[in-house]
Amino acid sequence: MCVRGLAPFDVLEGLINSYEGDDSSPAVFDALVRACTQFGATDGAYEVIKKLRMDSCWVTIHAWNNFLGQLLKLNEIDRFWKVYKEMISYGYSENVNTFNLIVYALCKECRLLEAISEFYRMLKNEIWPNVVTFNMIIDGACKMGNLELALKLVRKMGVMSGGCVRPNSVTYNCIINGFCKIGNIALAEEVRIEMTKVGIESNERTYGTLIDGHARGGSLEEVFKLCNEMVERGLIPNTVVYNTVIHWLYNVEDMEGASLLLSDMIDKRICPDQYTYSILTKGLCRNGYVTEALRLNNQVIGKNLIEDAFSHNILINYMCRSKNIAGAKPLLGSMFVHGLIPDLVTYGSLIDGYWRTARMEM
DNA sequence: CTAGGGTTAG
């Protein structure tokens, strides 16, 4: 598909034509579905599943799981439920991965209690939850600020799984992040100590999380201490870590520090990403360098490095806040030209801008 | 299949 630019249906046709019953493996159809989702051909994946059904050549639960997982990754939760129900209506039964996807979908919708009910439905169906199941519920609890429940689950996951499942680094990182986000760095650090005690080393994400937590709390000193510590342990600060620190340096108006770090990032060949560009855009705007922010935007958009609305939203919002509708309009135009879809924030900012300039009808 | 970073409305 990649090399020859074939459409999913072309590949499928070839597979069906060369399919020789018992001498062939139906896993090849699952592989095609996976190829489609990895390729970004989400609708193609679904069409393949449907076509095979009509040819009474069914894909397995693995392909459905793969497709359902892709929908969650794209945040198409409504479609996820629709497809899940469809799959069940064809008589498939959920395996552990399907259940995990259901738990994940419920957590994404903040339906934490239902996610926990799903855990018990798994037990009833004799499908044993694994560490991923627990981690998703624990992270869901953390994201909703319910650290008490998250901690309770960590303590009880052994018993709840009949001694089969123990916390791993993902579990601990979720809890650490939860405490950082509610501003309780002290407890976040305590959790890290506990994690070390049970023999799980801090990884790149642990450091990334704690660095953001300390920066949020205003202790940039701790931030640099942690950066050094991670390097000493052989972990190289990646794009996420640089983005975090640059973001918080701009926030305290340390332009020089932010610039130095950006140069360091380029020297060390750590690739900037969309987060970097929106952080720079915001940092330049809020510190009074709007012209530079616009110039940066023009540079990166020409190179097709931008795939989401963030940077434009930041600029549009900045223009609108300073009642500069004339400055915001071309940015909206630029979004359309480059295939970026204006979202709630884009329109919210523009409506606010018109409101400020007393042009209610607009 | 799960964990860290970027946007709006006082």
Side-chain angles (χ1 to χ4, degrees), chain A residues 37 62 64-73 80 94-105 107-108 115 129-140 142-143 150 165 167-178 180-181 188 191 195 200 202-216 223 226 230 235 237-248 250-251 272-283 285-286 306 308-321 328 342-356:
Chain A
T37 56
H62 304 300
W64 285 96
N65 285 344
N66 181 269
F67 180 62
L68 287 167
Q70 182 68 13
L71 292 179
L72 290 185
K73 197 168 276 170
F80 169 88
E94 301 96 333
N95 68 9
V96 59
N97 293 338
T98 325
F99 272 111
N100 281 352
L101 291 167
I102 297 167
V103 168
Y104 191 31
C107 288
K108 272 179 179 273
N130 58 23
V131 67
V132 177
T133 323
F134 281 97
N135 285 347
M136 290 191 297
I137 299 175
I138 288 165
D139 189 50
C142 288
K143 293 263 160 73
V165 182
N168 63 10
S169 57
V170 177
T171 324
Y172 282 104
N173 285 344
C174 292
I175 305 272
I176 290 170
N177 186 41
C180 285
K181 291 301 179 288
V191 174
M195 167 177 164
I200 300 168
S202 296
N203 64 18
E204 180 183 272
R205 292 217 184 187
T206 318
Y207 281 102
T209 307
L210 281 168
I211 286 169
D212 184 64
H214 280 291
R216 259 170 221 277
V223 166
L226 282 166
M230 74 183 285
L235 300 169
N238 60 12
T239 306
V240 175
V241 174
Y242 275 93
N243 285 349
T244 306
V245 182
I246 291 173
H247 173 247
W248 290 104
Y250 275 130
N251 241 10
D273 63 6
Q274 300 200 73
Y275 284 75
T276 321
Y277 296 128
S278 62
I279 288 163
L280 293 178
T281 304
K282 173 93 188 202
C285 283
R286 67 163 288 167
I306 295 192
D308 67 23
F310 267 77
S311 298
H312 282 83
N313 284 348
I314 290 163
L315 288 165
I316 288 173
N317 183 254
Y318 189 83
M319 296 291 169
C320 289
R321 259 206 305 224
D343 60 13
L344 189 68
V345 176
T346 321
Y347 288 110
S349 300
L350 285 165
I351 290 168
D352 182 54
Y354 280 119
W355 184 265
R356 282 171 197 266

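Residue numbers start from 1 in every chain, and the chains themselves are labelled A, B, ... in the order their sequence lines are given, proteins ahead of strands. Nothing here was measured: the structure is a model prediction, and the numbers come from that model.
Contact annotation: side chain of A:Asn203 to base of B:dA3, donor-acceptor pair present below 3.5 Å. A:Asp308 contributes a side-chain N or O that forms a donor-acceptor pair with the base of B:dG6 under 3.5 Å.
Between A:Lys73 and B:dT2 there is no side-chain polar atom (N or O) within less than 4.0 angstrom of OP1 or OP2. When the side-chain nitrogen and oxygen atoms of A:Arg356 are compared with OP1 and OP2 of B:dT8, none of them lie within a distance under 4.0 Å. In terms of phosphate contacts, A:Tyr104 brings a side-chain nitrogen or oxygen within less than 4.0 Å of OP1 or OP2 of B:dA3. For B:dG6, the OP1/OP2 oxygens have no side-chain nitrogen or oxygen of A:Arg286 closer than 4.0 Å.
Comparing atom distances between the A:Lys143 side chain and each of B:dT7, B:dG6, B:dG4 picks out B:dG4 as nearest. With B:dG6, B:dT8, B:dC1 as the candidates, the nucleotide lying closest to the side chain of A:Lys282 is B:dT8. Side chain of A:Asn100, nearest nucleotide from B:dA3, B:dT7, B:dC1: B:dC1. Taking every side-chain heavy atom of A:Val132 into account, B:dC1 is the closest of B:dC1, B:dA3, B:dT7. Residue A:Arg321 places its side chain closer to B:dT8 than to any other of B:dG6, B:dT8, B:dC1. Distance from the side chain of A:Ser349 is smallest to B:dT8 among B:dG4, B:dT8, B:dA3.
Between A:Ile351 atom CD1 and B:dA9 atom P the separation is 13 Å, expressed in whole Å. Look at CZ on A:Phe99: it is 17 Å from C1' on B:dT2, rounded to the nearest Å. When rounded to the nearest whole Å, the span between CG of A:Leu210 and C1' of B:dG4 equals 10 Å. Rounded to an integer number of Å, the gap from A:Glu204 CD to B:dG4 P is 13 Å. We find that CG of A:Asn135 is positioned 15 Å from P of B:dC1, with the value rounded to whole Å. Rounded to a whole Å, the CG atom of A:Leu344 is 12 Å from the P atom of B:dA9. At whole-Å resolution of the value, CD1 in A:Ile246 and C1' in B:dG4 are 16 Å apart. One can place CD1 of A:Ile211 at 14 Å from P of B:dG6, the figure rounded to the nearest angstrom.
Using a 4.0 Å heavy-atom distance criterion, A:Ser278 is classed as a base contact. Among the heavy atoms of the strands lying under 4.0 Å from A:Phe310 is at least one base atom, whether or not backbone atoms are also near. Residue A:Val241 is in base contact, counting any heavy-atom pair closer than 4.0 Å across all strands shown. A:Thr239 comes within 4.0 angstrom of a nucleotide base, judged by non-hydrogen atoms across all strands. Residue A:Asn66 is out of contact with every strand shown, counting any heavy-atom pair closer than 4.0 Å. Within the nucleic acid shown, A:Asn65 has no heavy atom closer than 4.0 Å to any nucleic acid atom. Across all strands, A:Asn95 comes closer than 4.0 Å to no nucleic acid atom at all (heavy-atom distances). Within 4.0 Å of A:Lys108, counting heavy atoms only, lies no atom of the nucleic acid at all. Contacts of A:Asp139 with the nucleic acid, taken as non-hydrogen atoms under 4.0 Å apart, involve only primed sugar atoms and P, OP1 or OP2. A:Asn168 comes within contact range of no nucleotide atom at all, as no heavy-atom separation falls under 4.0 Å.
A salt bridge links A:Lys181 and A:Asp212; the closest N-O separation between the charged side-chain nitrogens and carboxylate oxygens is under 4.0 Å.
By the side chain to side chain contact (heavy atoms under 4.5 Å, CB included) test, A:Val170 pairs with A:Asn135, A:Asn168, A:Cys174, sequence neighbours left out. Residues forming a side chain to side chain contact (heavy atoms under 4.5 Å, CB included) with A:Val345 (at least two apart in sequence, or on another chain): A:Asn313, A:Asp343, A:Ser349.
To the nearest 0.5 Å, the span separating SG on A:Cys107 from CD1 on A:Ile137 amounts to 6.0 Å. Of the inter-residue distances, the one linking A:Trp248 atom CH2 with A:Asn251 atom CG reads 5.0 Å to the nearest 0.5 angstrom. Rounding to the nearest 0.5 Å places CD of A:Glu204 at 10.0 Å from CD1 of A:Ile211. Here CD1 of A:Ile314 is found 4.5 Å from OG of A:Ser278. Values are rounded to the nearest 0.5 Å.
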